[in-house]
S.K.: 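Encoded as structure tokens, here's the structure I'll be asking about.
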Amino acid sequence: MEPLRPKRLQPGDTVAIAALSGPCSPDRRDRLDAAKGVFAAMGFKVRVTPLVESGGHRFWRAAPPEAQAAELNALLNDPEVRAIAAFTGGNATSAYLDRIDYDAIRRDPKPLLGFSDITALHLAIHSQTGLVGMHADFAPGITGNPPRTEERHVEIRELVRGLLTGELAETDLPADNTWETWKPGRATGRLVGGLLDRLINVQASPYALDPATWDGALFFWEDVGRNLGHVWNQLHVLRMEGVFDRVGAMVVGIPLDVDLPPQSPFGPISVKDVVLDVLGDYDFPVLAGVDFGHTGPNLPLPIGTLAAVDATARTLRLLEPPVD
């Protein structure tokens, strides 16, 4: 499927902050205020949806699956809403992939921003419509663990704004950490990926990516709070699906709290050890330690956009705009 690029944002366009995953609990109101300020400073109007404003929840989620899908579908069908940003991540989106109005996305493609649990939305929507989804912070440049400098936050905000408005086409993604060459080489292909665990969920659903999606793709992934053995197993699932026979390169983010269980007698074993063990004799490039994941702030990675990776020189470059 050809990429479906959302329409570029104009000054004064409305960005909706929606409860697509977890709730806006009282201790997160400061985050909501910061997100509103970020989008307003970019020159956009901000609309906060009722599920965010209410702060309600159903278990760990903002609402039951049918309510979250209804909120998303209303935004997809609202011509005044020109982009949708998830308020936060969590563990909810896989439950309503079958309730999304995919026809509305085809009629009026809009940027969808988020990462973590939002990966399931990005990939299912991409699989059904080709939409280029923006794997990015919920509000660009306000997160960071450990805290990043204000200069880095501003750099990320300007990068995201330039991509959403179409002002940026070809651009190098700027490193903050020192990126690592796990396997040398260069490749050009379309970005595909996100949170590894949610990718596996989607691949086990009726909304799995077509195998051809992986042809020459730059597969990027990260994970958080996981047993290292689970990551090893899930990478092997992708291997057995033939993903690694098709991709052009792998780009690994900064996994957070991905380790062996405490008191394990088998350590020390690193994420690098596990990845190289799974890949075996595959010779495609692997660039790692790239600035995306739950450590934040995230470099924006537009799913379906053509990019070039040079694992030897430790660079990653977008080759086209993610919007029309």
Side-chain angles (χ1 to χ4, degrees), residues 115-116 119 135-137 143-149 151-153 155-156 159 171-197 199 214 216-236 238-239 243-244 247-260 266-303 305-319:
F115 75 111
S116 192
T119 289
H135 183 281
D137 284 331
T143 60
N145 180 24
R148 304 299 184 195
T149 65
E151 289 78 12
R152 181 61 172 178
H153 289 168
E155 184 176 40
I156 296 294
L159 182 58
T171 185
D172 289 309
L173 296 180
D176 188 29
N177 300 295
T178 300
W179 298 355
E180 302 174 10
T181 303
W182 287 2
K183 287 199 172 189
R186 295 180 293 178
T188 298
R190 299 198 177 277
L191 290 164
V192 181
L195 184 68
L196 178 63
D197 183 65
L199 166 61
W214 298 107
L218 308 186
F219 168 41
F220 69 92
W221 68 274
E222 57 100 7
D223 219 319
V224 60
R226 303 285 310 292
N227 182 314
L228 192 54
H230 294 166
V231 171
W232 180 83
N233 275 283
Q234 290 187 334
L235 290 174
H236 271 297
L238 297 180
R239 178 189 62 78
V243 169
F244 299 154
V247 300
M250 178 185 286
V251 180
V252 184
I254 305 175
L256 180 65
D257 297 331
V258 174
D259 209 338
L260 292 171
F266 305 112
I269 303 172
S270 69
V271 174
K272 179 180 180 180
D273 294 331
V274 164
V275 168
L276 296 182
D277 182 71
V278 173
L279 294 186
D281 294 331
Y282 289 103
D283 60 0
F284 52 75
V286 180
L287 178 66
V290 178
D291 299 277
F292 66 92
H294 283 71
T295 59
N298 276 280
L299 287 171
L301 297 172
I303 295 168
T305 296
L306 194 65
V309 61
D310 187 333
T312 307
R314 302 190 298 277
T315 62
L316 182 59
R317 180 175 179 81
L318 303 181
L319 299 179

S.K.: Quick one: does Thr171's side chain have a donor or acceptor within less than 3.5 Å of a partner on Leu318's backbone?
M.R.: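 Flag not set: sc Thr171 to bb Leu318 has no pair under 3.5 Å.
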
S.K.: Taking atom types as modelled, is there a side-chain donor on Trp232 or Asn227 under 3.5 Å from an acceptor on the other?
M.R.: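 Trp232 vs Asn227: no donor-acceptor pair found between side chains.
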
S.K.: Just how far is it from atom CG of Leu195 to atom CG of Asp223, taken to the nearest 0.5 Å?
M.R.: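 One finds 4.5 Å between CG of Leu195 and CG of Asp223.
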
S.K.: With heavy-atom distances below 4.5 Å as the criterion, would you say the side chains of Pro300 and His135 are in contact?
M.R.: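 No, their side chains stay 4.5 Å or more apart.
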
S.K.: Calculate, to the nearest 0.5 Å, the distance between atoms CD and NE2 belonging to Gln234 and His236 respectively.
M.R.: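 Gln234 atom CD to His236 atom NE2 measures 12.0 Å (nearest 0.5 Å).
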
S.K.: List the steps and the verdict of side-chain contact (heavy atoms from CB on, under 4.5 Å) for Arg314 and Leu287.
M.R.: CA-CA 7 Å; Arg314 302 190 298 277; Leu287 178 66; 4.0 Å; yes

S.K.: Would you say that Val274 contacts Ile269 through its side chain, given a criterion of any heavy-atom pair below 4.5 Å between the two side chains?
M.R.: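 When only atoms from C-beta onward are counted, Ile269 and Val274 do touch, with a gap below 4.5 Å.
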
S.K.: Quick one: does Asp291's side chain have a donor or acceptor within less than 3.5 Å of a partner on Asn298's backbone?
M.R.: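 Checking the backbone N and O of Asn298 against the side chain of Asp291, no donor-acceptor pair under 3.5 Å is found.
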
S.K.: Nearest 0.5 Å, please: how far is CG in Leu301 from CG in Leu316?
M.R.: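 Going from CG on Leu316 over to CG on Leu301, the span is 6.5 Å.
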
S.K.: What distance do Ser270 atom OG and Leu276 atom CG have between them, rounded to the nearest 0.5 Å?
M.R.: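 Answer rounded to 0.5 Å: 8.0 Å.
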
S.K.: Indicate the atoms forming the closest heavy-atom contact of Gly248 with Pro285, along with that distance.
M.R.: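 Residues Gly248 and Pro285, closest heavy atoms: O-CD, 3.2 Å.
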
S.K.: Any idea which heavy atoms bring Trp221 and Val231 closest together, and the distance?
M.R.: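 In this case the closest contact between Trp221 and Val231 is CH2-CG1, 3.9 Å.
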
S.K.: Determine whether a donor-acceptor pair (N or O, by modelled atom type, separation under 3.5 Å) exists between the side chain of Asn233 and the backbone of Gly229.
M.R.: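 Yes, the answer is positive, given that a donor and an acceptor are paired below the 3.5 Å cut-off.
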
S.K.: Taking side chain as C-beta onward, heavy atoms only, is Pro255 less than 4.5 Å from Val224?
M.R.: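 They are not in side-chain contact.
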
S.K.: Are the side chains of Leu218 and Phe284 in touch, meaning some heavy atoms are under 4.5 Å apart?
M.R.: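 Result no, sub-4.5 Å side-chain heavy-atom pair not found.
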
S.K.: Look only at the side chain of Thr181 and the backbone of Ala311, and say whether a donor-acceptor pair between them is shorter than 3.5 Å.
M.R.: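 Answer holds: yes.
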
S.K.: Is Val247 close to Tyr282 at the side-chain level, that is, under 4.5 Å between some pair of heavy atoms?
M.R.: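 In short, these two side chains do not touch, never coming nearer than 4.5 Å.
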
S.K.: Please examine the side chains of His294 and Ser116, heavy atoms only from C-beta on, and report whether any two atoms are closer than 4.5 Å.
M.R.: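 Yes; the side chains approach each other to less than 4.5 Å.
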
S.K.: Could you check whether any side-chain N or O of Thr149 sits under 3.5 Å from a backbone N or O of Arg152, counting only pairs where one atom can act as donor and the other as acceptor?
M.R.: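 Pair found, side chain donor or acceptor close to backbone of Arg152.
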
S.K.: Which atom pair, heavy atoms only, marks the closest approach of Gly193 to Ile303?
M.R.: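 Looking at all heavy atoms of both residues, the shortest contact is O-CD1, 3.6 Å.
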
S.K.: Report the residues that fulfil ring-ring contact (aromatic ring centres under 6.0 Å, His included) with Trp214, sequence neighbours left out, ordered by chain and then residue number.
M.R.: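 Counting only residues at least two positions away or on another chain, Trp214 forms a ring-ring contact (aromatic ring centres under 6.0 Å, His included) with Phe219.
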
S.K.: Testing Val252, Asn177, Leu299 for side-chain contact (heavy atoms from CB on, under 4.5 Å) with Val290, which one passes?
M.R.: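 Only match with Val290 under side-chain contact (heavy atoms from CB on, under 4.5 Å): Leu299.
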
S.K.: Might you point out which heavy atoms bring Leu173 and Trp179 nearest each other, and give the distance in Å?
M.R.: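 Here Leu173 and Trp179 meet closest at O-CH2, 3.5 Å.
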
S.K.: Mind checking the CG-OG1 spacing from Leu199 to Thr119? Nearest 0.5 Å is all I need.
M.R.: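 Going from the CG atom of Leu199 to the OG1 atom of Thr119 covers 8.0 Å.
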
S.K.: If you look at every heavy atom in Val309 and Ala249, which pair is closest and at what distance?
M.R.: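 For Val309 and Ala249, the tightest heavy-atom pair comes out as CG1-CB, 3.6 Å.
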
S.K.: So how far is it from Asp310 CG to Arg317 CZ, rounded to the nearest 0.5 Å?
M.R.: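 If we round to the nearest 0.5 Å, Asp310:CG and Arg317:CZ are 12.5 Å apart.
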
S.K.: Take atom CZ in Arg226; do more than 12 heavy atoms of anything else shown fall under 6.0 Å from it?
M.R.: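 Yes, CZ of Arg226 has more than 12 neighbouring heavy atoms, counting only those of other groups under 6.0 Å.
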
S.K.: Between Phe292 and Phe115, is the ring centroid distance below 6.0 Å?
M.R.: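 Ring-ring flag for Phe292/Phe115: false, centres at least 6.0 Å apart.
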
S.K.: Would a 4.5 Å heavy-atom cut-off, applied to side chains only, mark Leu279 and Met250 as touching?
M.R.: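 Leu279 reaches Met250 side chain to side chain.
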
S.K.: List the atom of Pro268, the atom of Asp273, and the distance in Å for their closest heavy-atom pair.
M.R.: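 In terms of heavy atoms, the two residues are closest at O-OD2, 4.4 Å.
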
S.K.: Can you confirm whether Val251 sits close enough to Leu191 that some side-chain heavy atom of one is under 4.5 Å from a side-chain heavy atom of the other?
M.R.: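 No; the side chains remain at least 4.5 Å from each other.
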
